[in-house]
*Asks:* 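Right, I'll just put the structure down here and ask away after.
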Amino acid sequence: EDEVKDEVNKQAMSAASCWSVWSVNLCCGLSDCPPLGLETLKIDDFQLHASTMQRYGLGAHRGRLNIQAGLYEDDLYDGGWCAGRNDPLQWFEVDARRLTKFTGVITQGRSSLWSSDWVTSYRVLVSNDSHTWVTLKNGSRDLLFIGNKEKEIPVLNTFPKSVVARYIRINPRSWYSGGSICMRVEILGCPMPDPNNYYHRRNEITTTDNLDFKHHSYKEMRQLMKVVNEMCPNITRIYNIGKSYNGQKLYAIEISDNPGEHELGEPEFRYTAGSHGNEVLGRELLLLLMQFLCQEYLSGNPRIRHLVEETRIHLLPSVNPDGHDKAAEAGSELSGWSLGRWSQDGLDIHHNFPDLNAILWEAESRKWVPRKFHNHHIPIPEWYLSKNATVAMETRALLGWMEKIPFVLGGNLQGGELVVTFSYDRTRPHGVMREATPTPDDPVFRWLAFSYASTHRLMTDAGRRVCHTQDFAKEDGTINGASWHTAAGSMNDFSYLHTNCFELSMYVGCDKFPHESELPEEWENNRESLIVFMEQVHRGIKGVVRDLQGRGIANAIISVEGINHDIRTAADGDYWRLLNPGEYRVTVRAEGYAMSSKVCEVGYAMGATRCSFTLTRSNLSRIKEIMEKFNKQPINLRHPPRRPRQRRLGT
């Protein structure tokens, strides 16, 4: 192994001029020849082969860039390919299934909490028939590529000259002395033209939408939003909800027939993306969505026009622009699994909200609900609002936005998986890592999750490959968040317990930061789902709570019999309650008014059922008003003053 290391150093020095000569071509080659798709699963398991493997869970099918091992490593889902023996005869092979111009290789070590395994140098061989192999040369000697120095950071090696072949092999020559031969790999290459290739035709996905399919910097994102606003000035408005740690404004775009104004009876919907800055696909999907909605509205698409005219839509494409900048600087294939995930001050924005679950469950255990403690609109603890609290600036901005606008439904786009998760995200018993923890609205949440997953091109496909360790397709592409892994203080749980908004998380792709060339296909995968989910904001009941003079009553409590979670009316007295089809007894309470109930029916057709209420003043409140009007104290009706007993004469 020492001899191999010496050889690496010699070749690195002798080839220094070669690498510098090719540096311009390497940059162009990386953008011209994208990844073949080991990470995105375009390369299927049958195209990956290896000399040996330690066990099935460390077979060639696991040798994909950024693949993650489970918390408890087992025989099925481990974090890379690991050879069965540690010797220089081992290899990892990819069959491109057609002639391909190979331009480079990206490698990582094994994903593991318990082991340290990576390859420090390797050779590359190519073949057209998988029998006769040609080794890439540096002059007359085999070219030796420098590999990884640790297991997580991807290392790119581009070839001095591109090479055309069908098969490519990586032959490890040295590895970390304290570990084994283990790798995760991506191959860069351009398929050669071949119209007769069956595999290419079968997997080809195209889009007819004329959109800006590229990765956008912060400045380019802002410019694109401005272009959309100028194209559709009558239905769009750009605003910001605050700033990031580095001072970048958190821009949102509103799409509505009356932008800037809450219309009575019109529900508010939101999509957010990029709370984890390295999960870039969601950010680009929202930029594509705003272009699409504008174009389709202008072209007269009746479905989109109805959605825009009946809904106030808010799109916030980049919650964590500081983190995105870090990931984008490294690039789509080299940012690894976590670079840019956190805010600039090191916080996970999506899980940085107050843990209201614990407060509610404590109140329930003391039997305070509903007499002493509400089952909804749980107040934020004072400590969380203090300046010294560990709260990201981006989280505070989101919190203020969520409290200001009466959102009904929301989705946050994330990456690295193909699944939709719904509340609760935290398990109720302490110390339990995974356990189904449903909300009182579990049937509604399950329907909302399924509405997205079932219309996604891949989420419910039983034949698709698992992204990492769990087969969510068996669960219809959805899962209760706490069943997956417990996490306190999530945006989803906070939204449900502190506001009226039902919030879900959409994990929109196995690859958090796909190559630019993948964006059209990812858009096709998610486009219908994005629209269908927005339309669900019109499912259930809606109405206005007024007094006898026709004035809206704010903060009235809307209760549905059999569901232990209430909502409240907005400032104008209007409300929206997401419900599945069925009959419901709905009760309205407001301070100073008599309670009112009625049965409201929700049908299967899209469109919320109108269920409005007119409340009369309660007797006690009317008496109080009359007495106060005449500057007198109200009579205590419960304990009328006792008359003094008269003494009898002669006693």
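Please read these numbers as outputs of a predicted model, since none were measured by experiment.
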*Asks:* Ring centres of His350 and Trp342 under 6.0 Å apart?
*Replies:*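 Between Trp342 and His350, which both carry aromatic rings, the centre distance is not below 6.0 Å.
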
*Asks:* Should the pair Phe613 and Tyr575 be assigned to parallel (<30°), tilted (30 to 60°) or perpendicular (>60°) ring geometry?
*Replies:*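 Ring orientation, 0 to 90° scale: tilted.
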
*Asks:* Do the two ring centres, one from Trp576 and one from Phe407, sit under 6.0 Å apart?
*Replies:*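 Not close enough - the centres of the two rings lie 6.0 Å or further apart.
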
*Asks:* Identify the two heavy atoms, one from Ala436 and one from Ser483, that lie closest to each other, and give their separation to 0.1 Å.
*Replies:*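 What the structure gives for the nearest pair is CA-OG, 3.1 Å.
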
*Asks:* Looking just at side-chain N and O atoms, do Asp425 and His485 make a donor-acceptor pair shorter than 3.5 Å?
*Replies:*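 Short answer, no.
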
*Asks:* Can you give me the closest heavy-atom contact between Asn480 and Ser423, atom names plus distance?
*Replies:*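 Taking every non-hydrogen atom into account, ND2-O, 3.2 Å.
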
*Asks:* For the residue pair Val508 and Glu279, establish whether any side-chain heavy-atom pair is separated by less than 4.5 Å.
*Replies:*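 When only atoms from C-beta onward are counted, Glu279 and Val508 do not touch, as no gap falls below 4.5 Å.
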
*Asks:* How about Lys226: does its NZ atom have over 12 heavy atoms from other parts shown lying under 6.0 Å from it?
*Replies:*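 Counting neighbours around NZ of Lys226, 12 or fewer heavy atoms of other residues, nucleotides or ligands fall under 6.0 Å, so no.
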
*Asks:* Any ion pair linking Lys42 and Asp511 (charged N to carboxylate O, less than 4.0 Å)?
*Replies:*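 Judged by the 4.0 Å cut-off on N to carboxylate O distance, Asp511 and Lys42 do not form a salt bridge.
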
*Asks:* Considering all heavy atoms of both residues, which atom of His216 and which atom of Leu287 are nearest to each other, and what is their separation?
*Replies:*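 The answer is ND1-CD1, 3.7 Å.
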
*Asks:* Between Glu254 and Arg312, is there a side-chain N and carboxylate O pair less than 4.0 Å apart?
*Replies:*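 Judged by the 4.0 Å cut-off on N to carboxylate O distance, Glu254 and Arg312 do form a salt bridge.
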
*Asks:* Report the C-alpha distance between Leu36 and Leu188 in whole Å, list the side-chain angles of each, state the deciding distance to 0.1 Å, and finish with yes or no for side-chain contact (heavy atoms from CB on, under 4.5 Å).
*Replies:* CA-CA 6 Å; Leu36 290 189; Leu188 304 180; over 6 Å; no

*Asks:* Assess the residue pair Phe513 and Glu333 against the criterion (side-chain contact (heavy atoms from CB on, under 4.5 Å)); give the C-alpha distance rounded to whole Å, side-chain angles, the decisive distance to 0.1 Å, and a yes or no.
*Replies:* CA-CA 7 Å; Phe513 194 164; Glu333 310 311 313; over 6 Å; no

*Asks:* Report yes or no: do His456 and Asp461 form a side-chain donor-acceptor pair below 3.5 Å?
*Replies:*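 Distance-only check fails for His456 and Asp461.
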
*Asks:* Do Arg341 and Asp348 sit within salt-bridge range, that is, some charged N less than 4.0 Å from a carboxylate O?
*Replies:*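 Yes, charged N to carboxylate O under 4.0 Å.
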
*Asks:* Indicate the atoms forming the closest heavy-atom contact of Asn278 with Ser338, along with that distance.
*Replies:*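 Where Asn278 meets Ser338 most closely, the heavy atoms are ND2-CA, 3.6 Å.
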
*Asks:* Testing the 3.5 Å rule here: is there a donor-acceptor pair between the side chains of Asn229 and Thr236?
*Replies:*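 On atom types as modelled, these side chains qualify, holding a pair under 3.5 Å.
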
*Asks:* Side chains of Ser559 and Arg589: donor-acceptor distance under 3.5 Å anywhere?
*Replies:*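 The criterion, which ignores hydrogens and geometry beyond distance, is satisfied for Arg589 and Ser559.
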
*Asks:* Identify the heavy atoms of Ser505 and Asn412 that sit nearest to each other, and give their distance.
*Replies:*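 Heavy-atom minimum between the residues: OG-OD1, 2.6 Å.
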
*Asks:* Can you tell which of Val586, Val602, Asp566, Asp441 makes a side chain to side chain contact (heavy atoms under 4.5 Å, CB included) with Arg577?
*Replies:*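 Single pass found, and it is Asp441.
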
*Asks:* Looking at every non-hydrogen atom in both residues, tell me the closest pair between Ala556 and Val545 and how far apart they are.
*Replies:*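 Nearest pair, atom of Ala556 first, then Val545: CB-CG1, 4.2 Å.
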
*Asks:* Going by distance alone, is a donor N or O of one side chain under 3.5 Å from an acceptor N or O of the other, for Gln295 and Asn210?
*Replies:*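 Side-chain D/A pair, Gln295 to Asn210: absent.
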
*Asks:* Does NZ in Lys214 sit with more than 12 non-hydrogen atoms of other residues, nucleotides or ligands closer than 6.0 Å?
*Replies:*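 Enclosed.
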
*Asks:* Within a 6.0 Å radius of atom CD on Glu516, are there more than 12 heavy atoms belonging to other residues, nucleotides or ligands?
*Replies:*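 Atom CD in Glu516 is packed in, count exceeds 12.
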
*Asks:* Please say whether more than 12 non-hydrogen atoms of neighbouring residues, nucleotides or ligands are located less than 6.0 Å from OH in Tyr239.
*Replies:*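 Correct, the count exceeds 12.
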
*Asks:* Pair Asn66, Glu186 - check side-chain contact (heavy atoms from CB on, under 4.5 Å), show working.
*Replies:* CA-CA 9 Å; Asn66 284 322; Glu186 183 62 85; over 6 Å; no

*Asks:* Using ring centroids (six-membered ring only for Trp), state whether Tyr496 and Phe445 fall under 6.0 Å.
*Replies:*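 So the answer is yes for these two rings.
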
*Asks:* For residues Leu413 and Leu285, determine if any side-chain heavy atom of one lies less than 4.5 Å from a side-chain heavy atom of the other.
*Replies:*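 Touching, per the 4.5 Å side-chain cut-off.
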
*Asks:* Consider only side-chain N and O atoms of Glu296 and Asn301, and report whether a donor and an acceptor are under 3.5 Å apart.
*Replies:*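 Note: Glu296 and Asn301 side chains meet the donor-acceptor criterion.
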
*Asks:* Any cation-pi pair here, Arg446 with Phe422, using under 6.0 Å and within 45°?
*Replies:*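 No; the conditions do not both hold, so Arg446 does not lie above the ring face of Phe422.
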
*Asks:* With under 30° as parallel and over 60° as perpendicular, where do the rings of Phe494 and His498 fit, or are they tilted in between?
*Replies:*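 Rings of Phe494 and His498: parallel, as their planes differ by under 30°.
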
*Asks:* Is the shortest distance from a Lys or Arg side-chain nitrogen in Arg464 or Asp471 to a carboxylate oxygen in the other one below 4.0 Å?
*Replies:*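 Looking at Arg464 and Asp471, the cut-off is not met.
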
*Asks:* Any chance the side chains of His314 and Glu268 put a donor and an acceptor closer than 3.5 Å?
*Replies:*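 There is such a pair between these side chains.
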
*Asks:* Using a distance-only test with no angle check, is there a side-chain donor-acceptor pair under 3.5 angstrom linking Thr455 and Ser529?
*Replies:*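 Thr455 vs Ser529: donor-acceptor pair found between side chains.
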
*Asks:* Quiz question: by atom type and distance under 3.5 Å, do the side chains of Glu394 and Ser244 form a donor-acceptor pair?
*Replies:*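 There is no such pair (donor and acceptor under 3.5 Å, judged by atom type) between the side chains of Glu394 and Ser244.
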
*Asks:* Under a 4.0 Å threshold between the charged nitrogen and the carboxylate oxygen, would Glu535 count as salt-bridged to Arg303?
*Replies:*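 Yes, this pair counts.
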
*Asks:* Would His538 and Glu310 count as having a side-chain donor-acceptor pair, cut-off 3.5 Å?
*Replies:*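 The answer is no; no qualifying pair exists.
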
*Asks:* So, Trp523 and Glu284: side-chain donor and acceptor under 3.5 Å apart, yes or no?
*Replies:*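 Glu284 and Trp523 do not have a side-chain donor-acceptor pair below 3.5 Å.
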
